Structure formats: structure tokens, C-alpha cells
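Since the model is a prediction, treat every value here as computed from it, not as a measurement. As a basis for the values below, the full set of heavy atoms in this structure was taken, side chains included, without hydrogen atoms, waters or symmetry mates. Proteins come first, then strands; the chains are lettered A, B, ... in the order of their sequence lines, and each starts at number 1.
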Amino acid sequence: MAARQLNRAQIFELFSRLAEANPAPRTELDYGNDYQLLVAVVLSAQATDAGVNKATRGLFETVKTPAQMVALGEEGLKRHIRTIGLFNTKAKNVIALSEALIANHDGEVPRDRDVLTSLPGVGRKTANVVMNTAFGEETFAVDTHIFRVANRMGLAPGKTVLAVEKGLEKRVPQPFRRDAHHWLILHGRYICKARRPECWRCPVNDICLYRDKILVDPKLSK
DNA sequence: CTCCCGATAT
DNA sequence: ATATCAGGAG
């Protein structure tokens with residue numbers, strides 16, 4: 001009873017269309033250097049990119065290095081990120097993470113997924129984002145959107161985020177591997193949404209294996 | 001598995 | 001009112 005899966009030709013066609021619609025996909029988190037990217041991704045857990053950007057706009061004006069973050073302090077940081085969910089643990093983690101970068105990594109963001117994962121508040125998904133976006137590695141950062149989209153489409157079905165990541169690793173072909181996770185997250189955010197997927201305007205709805213497609217805009221029929 | 005946790009869309 | 005948002009740690 002293996003889950004239904006797309007074949008190689010369908011997967012290639014799927015990414016060809018997503019790539020055509022958005023040739024140069026980019027993260028929607030705002031940042032000015034690798035350290036700020038790392039902080040922004042840690043803050044983005046269970047929060048919207050728009051909400052994180054609103055909080056980091058002021059923060060990143062003065063804080064561009066781990067040392068500046070440590071100088072700001074946990075309470076100072078909280079004043080900037082109070083509007084983001086989970087802000088207490090995030091503030092604690094960002095300070096501890098910044099201290100670890102100074103103590104063990106010369107204040108630089110390490111280009112190593114296992115080392116990144118050892119930092120406070122940095123799990124596999126955050127490490128994969130940094131490896132891909134800061135260093136150009138072909139990693140697949142499986143967040144809530146990609147987990148949902150990969151399962152719905154039959155692109156990389158899996159019961160855990162790690163299983164989906166391994167599936168993508170195995171099945172996504174060149175030349176799409178570098179930007180695949182960006183296309184999938186944007187697709188999940190704006191079209192293949194959790195609550196009301198807008199399948200009627202999805203560019204790959206003829207390939208997708210999702211059983212509950214909504215092929216007509218509900219707003220057009222009332 | 002539970003907890004963390006405010007803003008936003010529906 | 002409730003589900004959801006670029007998850008991670010205990």
C-alpha cells in the first residue's frame with residue numbers, strides 16, 4: 001500500500017512549469033548578511049515571513065553581528081520581537097546561538113549542517129535553509145508548506161518531514177535541485193494553501209494527485 | 001508527545 | 001472562534 005507517486009516525467013514537467021512562472025525564486029525573509037539570515041530563520045518558526053520582517057526591520061538596523069546581539073541582550077531583543085509567537089524561547093535561543101558563534105566559530109555562520117544543528121534553536125530545517133540560501137547547497141528544507149505540498153501532489157509522500165526530505169533528495173532532478181524547495185514553499189503559501197487550496201489557478205493541477213482538488217473558484221458560484 | 005505563543009486569515 | 005504560520009527542544 002505504497003502512497004501514489006508522480007513519475008519522473010511528471011516531476012520534470014511540474015518543476016519546469018513552476019520555474020517558468022518564477023525563474024529566480026528567493027526567500028521572502030529580509031536580511032543583510034549570513035548571520036541576519038540565520039537569526040531571521042530561527043525567528044520564523046510557526047510565524048509568517050511578513051511578521052518576522054516587521055520585527056527584524058528595526059532590529060537589523062543596529063544588530064548586524066553576533067557581538068551586537070549579545071550587547072543588545074535578551075530583554076532588549078524581546079522588545080523587538082514581542083509581536084512574534086514563541087518570542088521568549090526564540091529570544092533565549094538567539095542570544096545563546098550568538099554567544100556560541102563568538103565562542104566556537106569566530107563569529108561566523110558555519111557552512112556545515114551538523115555544526116549548524118548543534119546551535120541553540122537551530123534544527124534540521126533551519127540548517128537546510130541556511131545551507132541553501134547562504135551557501136548555495138542543494139538542500140531541501142522541509143517546512144509545513146513543503147510537507148503538505150509534497151504529500152498532496154504525490155511528489156514525495158512521507159509521514160515525517162525527514163522522510164519527505166529524503167524523497168525530494170532522491171527524486172528532484174537537475175536543473176531544479178537548487179531552487180526546488182523555494183518553488184514548493186511559494187506554491188504552498190500562495191496557491192496550494194493549507195485551508196483553501198486554489199487548485200483552479202494552479203499551473204500543475206493536471207499533474208497533481210491530490211484527491212480533494214477545488215477546481216472552481218467558490219467566489220464565482222454565488 | 002507536549003509546550004512555546006502573537007498576528008493574521010477565514 | 002479557530003486554524004495556521006519557513007520548528008525546535010524537553
Side-chain angles (χ1 to χ4, degrees), chain A residues 18 22 25-31 34-60 74-75 77-98 100 109 113-135 137-152 155-156 158-165 168 178-199 212 214 217-219 222:
Chain A
L18 295 181
N22 190 354
R26 187 186 168 286
T27 177
E28 295 187 326
L29 290 168
D30 294 333
Y31 65 99
D34 292 350
Y35 171 67
Q36 290 184 340
L37 170 67
L38 174 59
V39 172
V41 178
V42 170
L43 294 179
S44 71
Q46 299 293 283
T48 61
D49 282 8
V52 173
N53 289 337
K54 194 174 297 182
T56 56
R57 189 173 305 142
L59 175 66
F60 288 167
E74 188 174 321
E75 292 308 313
L77 174 56
K78 281 185 188 177
R79 259 173 244 128
H80 285 276
I81 67 172
R82 236 183 252 119
T83 56
I84 305 177
L86 317 180
F87 69 92
N88 276 304
T89 46
K90 286 174 181 175
K92 194 181 301 292
N93 283 333
V94 167
I95 296 298
L97 165 168
S98 301
V109 177
R113 188 173 62 196
D114 294 330
V115 176
L116 285 167
T117 304
S118 75
L119 296 169
V122 180
R124 189 180 181 91
K125 174 256 162 182
T126 296
N128 280 336
V129 173
V130 172
M131 292 302 288
N132 178 281
T133 300
F135 303 124
E137 300 286 341
E138 292 172 0
T139 51
F140 299 85
V142 180
D143 68 342
T144 180
H145 296 296
I146 298 183
F147 182 76
R148 178 182 67 250
V149 171
N151 272 298
R152 274 184 182 167
L155 169 63
K159 291 179 178 173
T160 66
V161 291
L162 186 59
V164 170
E165 181 184 330
L168 292 171
R178 179 79 61 88
D179 292 324
H181 90 272
H182 274 135
W183 285 310
L184 294 176
I185 190 175
L186 293 171
H187 187 67
R189 185 176 296 163
Y190 296 113
I191 298 178
C192 194
K193 299 185 292 184
R195 282 223 228 172
R196 198 172 65 95
E198 299 180 4
C199 308
D212 301 319
I214 304 173
D217 185 349
K219 279 179 284 195
K222 65 178 181 183

Smallest separation among heavy atoms of [X] and [Y], with atom names:
X	Y	value
A/L168	A/F140	CB-CD2, 3.8 Å
A/K125	A/S44	NZ-OG, 4.0 Å
A/L38	A/L97	CD2-CD2, 4.0 Å

Whole-Å [atom1] distance, [N] and [M]:
N	M	atom1	answer
B/dC5	C/dT4	C1'	13 Å
B/dA9	C/dA6	P	12 Å
B/dT2	C/dA3	P	15 Å

| message | Holding to salt bridge (charged side-chain N to carboxylate O under 4.0 Å, His left out), I want the full list of residues that pass it with A/E74, two or more places apart in sequence or in another chain. | response |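 A/K78, A/K92.
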| A/D49: salt bridge (charged side-chain N to carboxylate O under 4.0 Å, His left out) partners, not counting sequence neighbours |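 A/R189.
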| Which part of the nucleic acid, if any, lies within contact of A/R82, taking any heavy atom under 4.0 Å across all strands shown: a base, the sugar-phosphate backbone alone, or nothing? |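 Sugar-phosphate contact only - A/R82 comes under 4.0 Å of backbone atoms but never of a base.
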| field | Under 4.0 angstrom between A/K54 side-chain N/O and B/dT8 OP1 or OP2 | value |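 A/K54 to B/dT8 OP1/OP2: side-chain N or O found under 4.0 Å.
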| request: Quickly work out the A/I81 CD1 to B/dC4 P distance and round it to whole Å. | output: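 The answer, rounded to whole Å, is 16 Å.
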| remark: In B/S/- notation (B base, S sugar-phosphate only, - none; protein heavy atoms under 4.0 Å), nucleotides 3-10 of chain C written 5' to 3' is BSBBBSS-
| A/E137 with A/R113: basic N within carboxylate O range, under 4.0 Å |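 Looking at A/E137 and A/R113, the cut-off is not met.
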